[in-house]
Amino acid sequence: MTKKNETIELGWNFDNSYARLPEMLFETLELNPVQSPELIFLNESLATSLGLNIQELKSNNGVQVFAGNGIPEGAMPLAQAYAGHQFGHFTMLGDGRAMLLGEQITPENKRIDIQLKGSGRTPYSRGGDGRASLGPMLREYIMSEAMYALGIPTNRSLAVVTTGESVIRETELPGAILTRTASSHLRVGTFEYVSKWGTEEDLRTLADYTLQRHFSGFEDESNRYLFLLKEVIKRQAELIAKWQLVGFIHGVMNTDNMTISGETIDYGPCAFMDTYDPKTVFSSIDMNGRYAYGNQPIIGGWNLARFAETLLPLLHDDQKEAVDQAQEAVTGYKKLHHNHWLAGMKAKLGIFNEEQEDETLIGDLLSVMQKSSADFTNTFRALTFEKTEDTAINGSDEFAQWYKRWQERLSRQQESKAASHELMRSSNPAIIPRNHRVEEALDAAVEQGDYRVMERLLNVLSDPYAHSEEQEEYTTLPEPSDRPYRTFCGT
Ligand code: AMP
Ligand code: MG
């Protein structure tokens with residue numbers, strides 16, 4: 001085994017700007033080596049885009065880095081401090097099982113966080129063991145890469161290693177570490193943490209750092225912190241609309257799981273909805289449906305209001321003026337989100353121009369889908385290819401009338417039928433990571449050490465709008481015995 005804190009040279013190109021922030025924001029870490037790491041998955045295209053050498057990553061030295069057994073050249077391991085509202089309640093959190101190695105500066109001069117998840121205890125671990133088990137890390141790999149391929153901003157998965165050690169959950173499970181990448185791990189919860197325990201100077205430093213890192217053009221703004229607030233609102237409005245459009249349910253939209261960059265983060269209890277129902281919840285701990293599919297836009301607004309509160313001291317010296325500015329910005333979220341959602345739904349139906357009745361047309365379809373327990377993804381796919389015969393939505397008068405209205409609507413735009421079809425093809429995925437297919441892949445991997453099922457799944461998920469023949473078998477619905485599906489946090 002590698003000695004503690006031995007430096008491994010692999011030609012990484014790290015900077016550590018986060019480590020130059022006020023000390024309250026992080027804790028530097030010693031490594032927690034694991035016994036016998038083995039590389040299970042490596043995201044070669046992501047690695048290449050980061051400027052990393054695949055052969056080196058696969059070598060023993062590369063694997064030691066992914067295992068947290070050695071520090072790559074230039075890295076400065078740290079755990080980030082943050083707070084957050086969990087199910088509405090404020091809590092102190094922080095990376096309890098994650099380690100930021102540093103920021104890889106890519107050949108395109110992008111700054112990307114490289115973080116190990118499951119890399120051992122940190123000062124923020126509370127009672128936890130700092131570890132992760134293989135199934136959930138593979139699940140995050142599948143889900144985050146599927147989201148990326150769907151065109152949804154997200155953190156990504158670079159590698160999974162097994163540790164050769166067990167973790168104790170309800171049973172003994174194989175341990176694993178996921179290496180994930182993100183344009184940063186700044187969260188609403190990071191601002192909440194500084195707002196609660198830092199000085200105004202700390203808050204300003206954090207806000208300036210965030211602007212510099214994520215939001216170009218702020219230099220010309222008369223109030224850069226109001227600009228920051230509005231930009232974060234814009235990105236979240238678009239992100240959550242994109243989730244809704246593919247039936248994604250995040251599952252745990254606590255403020256510590258909402259990024260400032262507008263990327264999806266925290267793939268613990270997420271899942272894709274099959275049967276359309278806005279009340280759909282998969283997470284075992286979401287008893288009241290706070291984070292149900294249809295509630296996500298509202299919760300997004302609630303979280304953004306918490307973000308706005310943290311910025312008040314920076315917005316204006318006069319408190320009332322600051323509150324007014326924040327309120328106006330947060331109020332704008334609803335419309336921004338709705339516009340993205342509407343534009344996306346219209347694209348899903350092949351509609352290019354605008355008509356007053358479009359929203360009613362969309363709402364009526366969703367209503368028929370809900371009544372007939374239609375599958376969300378397959379319904380739009382069937383409409384795209386005009387093959388609705390085999391879908392649950394087919395058969396009722398209500399649907400027949402809707403279909404006629406929709407066809408008439410399409411005929412009232414300049415664009416051809418073919419153009420509509422193309423728009424629908426690229427807006428309606430052929431496949432999503434269906435829960436039963438994800439479970440099947442994880443079962444094969446974790447129970448039998450057979451990673452081929454997951455490889456095949458990742459392969460078809462990597463081009464969800466291809467509508468290829470090999471994707472066909474992945475469109476089938478789960479057996480009734482696979483429902484109701486449940487997901488879990490703290491895995
Ligand atoms: P999450 O549900 O993944 O957002 O995690 C909520 C908080 O619990 C974060 O601060 C995590 O770092 C922490 N956490 C989750 N699992 C563990 C674990 N096994 N050991 C230590 N901390 C953990
Ligand atoms: Mg989290």
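In this chain, numbering begins with 1 at the start of the sequence shown. Since we're looking at a predicted model, the values are computed, not measured. One-based numbering, in listed order, for ligands and for the atoms of each.
For residues 454-465, no residue pair satisfies the salt bridge (charged side-chain N to carboxylate O under 4.0 Å, His left out) rule, not counting sequence neighbours. The side chain to side chain donor-acceptor pair (under 3.5 Å) pairs that include a residue from residues 284-306 are Gln244-Gln296, Asn254-Tyr291, Arg306-Glu309, where partners are two or more places apart or lie in different chains.
The pair Glu200-Arg204 meets the salt-bridge criterion, with a side-chain N (NZ, NE, NH1 or NH2) lying under 4.0 Å from an Asp/Glu carboxylate O.
Polar contact check, Asp95 against ligand 1: no nitrogen or oxygen pair lies under 3.5 Å apart. For ligand 1, none of its N or O atoms has an N or O atom of Leu93 under 3.5 Å away.
For the Mg ion (ligand 2), protein N, O or S atoms closer than 2.8 Å were enumerated as Asn257 OD1, Asp266 OD2, with waters left out.
Taking the six-membered ring for Trp and thresholds of 30 and 60 degrees, Tyr485 and Phe282 have ring planes more than 60 degrees apart, a perpendicular arrangement. Between Phe376 and Phe380, the two ring planes are perpendicular [angle over 60°; tilted spans 30° to 60°]. Ring pair His250/Phe248 is perpendicular by interplanar angle, where above 60° counts as perpendicular and below 30° as parallel.
Remark: distances from the non-hydrogen atoms of Arg121 to ligand 1 are all 4.0 Å or more. In this structure, Arg169 is part of the shell of residues with a heavy atom less than 4.0 angstrom from ligand 1. Ligand 1 has no atom lying under 4.0 Å from any heavy atom of Ala98.
Residues passing the side chain to side chain contact (heavy atoms under 4.5 Å, CB included) test with Thr106 are Leu50, Glu108, Lys110, Ile112, sequence neighbours excluded.
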